[in-house]
Enquirer: 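Please read through the structure below; I'll follow up with questions.
The figures here come from the full heavy-atom set of this structure, side chains too, leaving out hydrogens, waters and symmetry mates. If you read the sequence from its start, that first residue is 1, and numbering goes on from there.
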Amino acid sequence: MAEQKAKADVRAQADAEKRRKQAHLDAQLARTAQLNADLESTVAELERLLAATLEVDDHIDFESLKRKVAHPGFRPGGLAVPQQPPVMEPLSVRPVFEQFAPVPPAGLAKLFGGKAGHERAVAAARQQFEDADQQWQQHAAAARQRFEAAQEHHRMAEGERQSKLAAAERQYQLESEQRIREVDEHNADVDAFASAFSAGEPHAIVEYFTLVLANSDYPAAFPQRYRVAYVPESRQLVVEYELPALDCVPAEREYRYVKSKDEITSVARPLKDIRGLYGSVVAQVTLRTLHEIFEADRGGVVDTVVFNAIVTTTDPGTGKQISPCLVTVRTTRGVFDDLDLARVEPLACLERLNASVSKKPGELAPVRPVLEFDMVDKRFIEETDVLSGLDARPNLMELSPTEFESLIQNLFAKMGLDTKQTRPSRDGGVDCVAFDPRPIFGGKVVIQAKRYRNTVDVSSVRDLFGTLQNEGASKGILVTTSGFGPTSYEFAANKPMELIDGSNLLYLLAKHADLEAKIVMPDGS
């Protein structure tokens, strides 16, 4: 028997060990499968960045920003429960003499002196009765005193409860009124925001599109930091958007469980695949942001969007923080609305939009932005600025045409070009001819300056391009104190032309000529 029991114990232990090993194997395989599922989900999310935004409406209804007053229920707790009034304690029945009275004598007892004894008994009984009655009255008086004291205590406690309840109700009312005021103030701010947006006020337009970008649901690894500016003269929105770094793409292609080592190992994703997917991410974020802006703009306040995508990282050579631009594009609503984003290949689509895209985004090879974000100078003063009269900065609109052309010539000279101002009567549509001394990229540059109060017409841009070709110049630059429309940007796209509007001009003057200027349109403009 002992031997059989020992063998049974050995078999049981072997079975238990076998089950333990199988459970461990199942757990490792399940963990490996989960890691691969998470990996596939991450890659799929990166591949669908553009498709995901096409499934939602990016427009923000101002009414949706409003709040409704939500009052919590009034909860007074125990204060809502009245104090129970005291109850008079029950008294015993008041004694009566009959309870103590002796039995009258009868028969022979009555004949032989029983009367005297009975009278004594009656007297004693009466004394007992009076003592008992006095004691009962004392008890009754004490009970009444206790009842009256309890009534007084109840009155005071109930008064205190009602006072605290009234105070709680007043506090609740004050808090409710405060909630109403806060909601009313918030909703009034929303109405003011909506009115400012409808009126085309730059600060409201910037705030609105900042909200649009904030609503965009990206993976957790994406920084989602951006800057937004608006140029009302050109109805142009400028966005500088920070992209995720290369490590947003998983370095692992798959996970495997090695049974012999009892380890979960990873297979590296080829660097070519990482860079390819990262390039797609960069292109998708660009198209996604442009789509979100144009779709959200139902009021048509934006004609043109400039998008610069940067990456903030550390330069391994210097150890300093750098922010190279990996994509830059300027596009108009008309061009972008003609795209079928559900079917495009992102990089090919950017090429169609004449975007400049880093040839090696994974290696942070930069491109030159079509418009530096900091060039969107917020010092471009509108006619309604009541403080402009106190501003000592020179107003470019007060310069004569010749003075303005000289200013532009001096600016480009400060920027390193060899400039010569043309004669007013024989300029052939050119106000300044400059020579860029740089090899390969340099050459003859024709510059035209327009001190305009209204948007520059596309015909001026076409004329400059014709002059550029007639002069055999390598580049043409059109500078204005106002702005350009979408057709001008569309015409200049992919041509050796630079369009500099009023806000850009103010930035260049401050940066290269140390001139803090302003542009104030004259009354009646």
Side-chain angles (χ1 to χ4, degrees), residues 39 42-43 45-47 49 213 218-229 238-253 266-289 306-330 346-348 350-351 353-377 412 414-417 436-443 474-475 496 498 504 507-508 510-514:
L39 189 60
T42 298
V43 172
E45 191 174 25
L46 294 177
E47 292 173 339
L49 289 175
L213 298 184
Y218 275 97
F222 283 54
Q224 276 196 278
R225 289 189 290 270
Y226 34 78
R227 294 194 293 169
V228 180
V238 184
V239 178
E240 182 181 82
Y241 200 99
E242 184 169 344
L243 296 165
L246 184 66
D247 58 9
C248 73
V249 177
E252 303 81 12
R253 188 180 67 187
S266 62
V267 178
R269 187 179 301 274
L271 184 58
K272 179 181 177 182
D273 292 353
I274 292 176
R275 290 175 174 172
L277 181 52
Y278 183 66
S280 174
V281 166
V282 170
Q284 288 185 80
V285 170
T286 301
L287 294 175
R288 173 170 168 155
T289 305
V306 172
F307 179 84
N308 297 330
I310 65 171
V311 174
T312 299
T313 185
T314 301
D315 186 335
T318 64
K320 295 182 178 181
Q321 181 173 291
I322 56 174
S323 297
C325 180
L326 302 186
V327 177
T328 183
V329 60
R330 175 190 273 127
L347 285 170
L350 287 184
E351 184 177 353
L353 294 176
N354 296 316
S356 293
V357 183
S358 172
K359 299 299 182 183
K360 297 180 179 179
E363 298 177 18
L364 305 178
V367 296
R368 180 175 176 269
V370 294
L371 174 63
E372 293 280 358
F373 184 87
D374 291 335
M375 287 182 68
V376 186
D377 195 295
F412 283 101
K414 293 280 188 180
M415 294 173 67
L417 300 183
D436 188 341
R438 294 178 302 168
I440 302 177
F441 300 104
S474 59
K475 188 171 187 177
E498 193 90 22
N504 304 162
Y507 172 85
L508 294 174
K511 182 177 181 180
H512 298 285
D514 293 326

Enquirer: State the CG-CZ distance between D374 and R227, to the nearest 0.5 angstrom.
Expert: 4.5 Å
Enquirer: Nearest 0.5 Å, what's the CD-CG distance between Q284 and L347?
Expert: 9.0 Å
Enquirer: Got a donor-acceptor contact below 3.5 angstrom from the R253 side chain to the A268 backbone?
Expert: no
Enquirer: So, taking the atom named CD1 in I310 and the one named CG in L243, what distance separates them when rounded to the nearest 0.5 Å?
Expert: 8.0 Å
Enquirer: Answer yes or no: is there a side-chain heavy-atom contact under 4.5 Å between F222 and L46?
Expert: yes
Enquirer: Can you find a pair of side-chain heavy atoms, one from L326 and one from Y278, that are under 4.5 Å apart?
Expert: yes
Enquirer: How close do V285 and T289 get, heavy atom to heavy atom, and via which atoms?
Expert: O-OG1, 2.8 Å
Enquirer: State, to 0.1 Å, how close R269 and V43 come at their nearest heavy-atom pair, and which atoms those are.
Expert: NH2-CG2, 3.4 Å
Enquirer: Within the structure provided, determine whether T286 and Y241 are in side-chain contact (heavy-atom separation under 4.5 Å).
Expert: no
Enquirer: What's the separation between atom NZ in K511 and atom NZ in K414, rounded to the nearest 0.5 Å?
Expert: 15.5 Å
Enquirer: How close do A283 and P346 get, counting heavy atoms only, and between which atoms?
Expert: CB-CB, 3.6 Å
Enquirer: What is the minimum heavy-atom distance between P361 and G279, and which atoms define it?
Expert: CG-CA, 4.0 Å
Enquirer: Could you tell me the separation between the NE2 atom of H512 and the OH atom of Y507, rounded to the nearest 0.5 Å?
Expert: 6.5 Å
Enquirer: Is there side-chain contact between V357 and V367, with at least one heavy-atom pair below 4.5 Å?
Expert: no
Enquirer: Report, as yes or no, whether the 6.0 Å neighbourhood of atom CD on Q224 holds more than 12 heavy atoms from other residues, nucleotides or ligands.
Expert: yes
Enquirer: Minimum heavy-atom separation for S323 and T312, please, with both atom names.
Expert: OG-OG1, 3.3 Å
Enquirer: Heavy-atom distance under 4.5 Å between the side chains of P219 and T42, does that happen here?
Expert: no
Enquirer: Rounded to the nearest 0.5 Å, what's the gap from CD on E363 to CZ on R275? Could you check?
Expert: 4.0 Å
Enquirer: Find out whether S280 and E47 are in side-chain contact, i.e. whether some heavy atom of one side chain is under 4.5 Å from a heavy atom of the other.
Expert: no
Enquirer: Would the distance check show the side chain of N308 and the main-chain N or O of L371 forming a donor-acceptor pair, the cut-off being under 3.5 Å?
Expert: yes
Enquirer: Work out which heavy atom in A245 is nearest to a heavy atom in V311; give both atom names and the distance.
Expert: CA-CG1, 4.4 Å
Enquirer: State, with a plain yes or no, whether a side-chain heavy atom of L287 is found less than 4.5 Å away from one of L353.
Expert: yes
Enquirer: Would you confirm whether S356, through its side chain, and T328, through its main-chain N or O, come within 3.5 Å as a donor-acceptor pair?
Expert: no
Enquirer: Check whether any side-chain heavy atom of K475 lies under 4.5 Å from a side-chain heavy atom of D436, and answer yes or no.
Expert: no
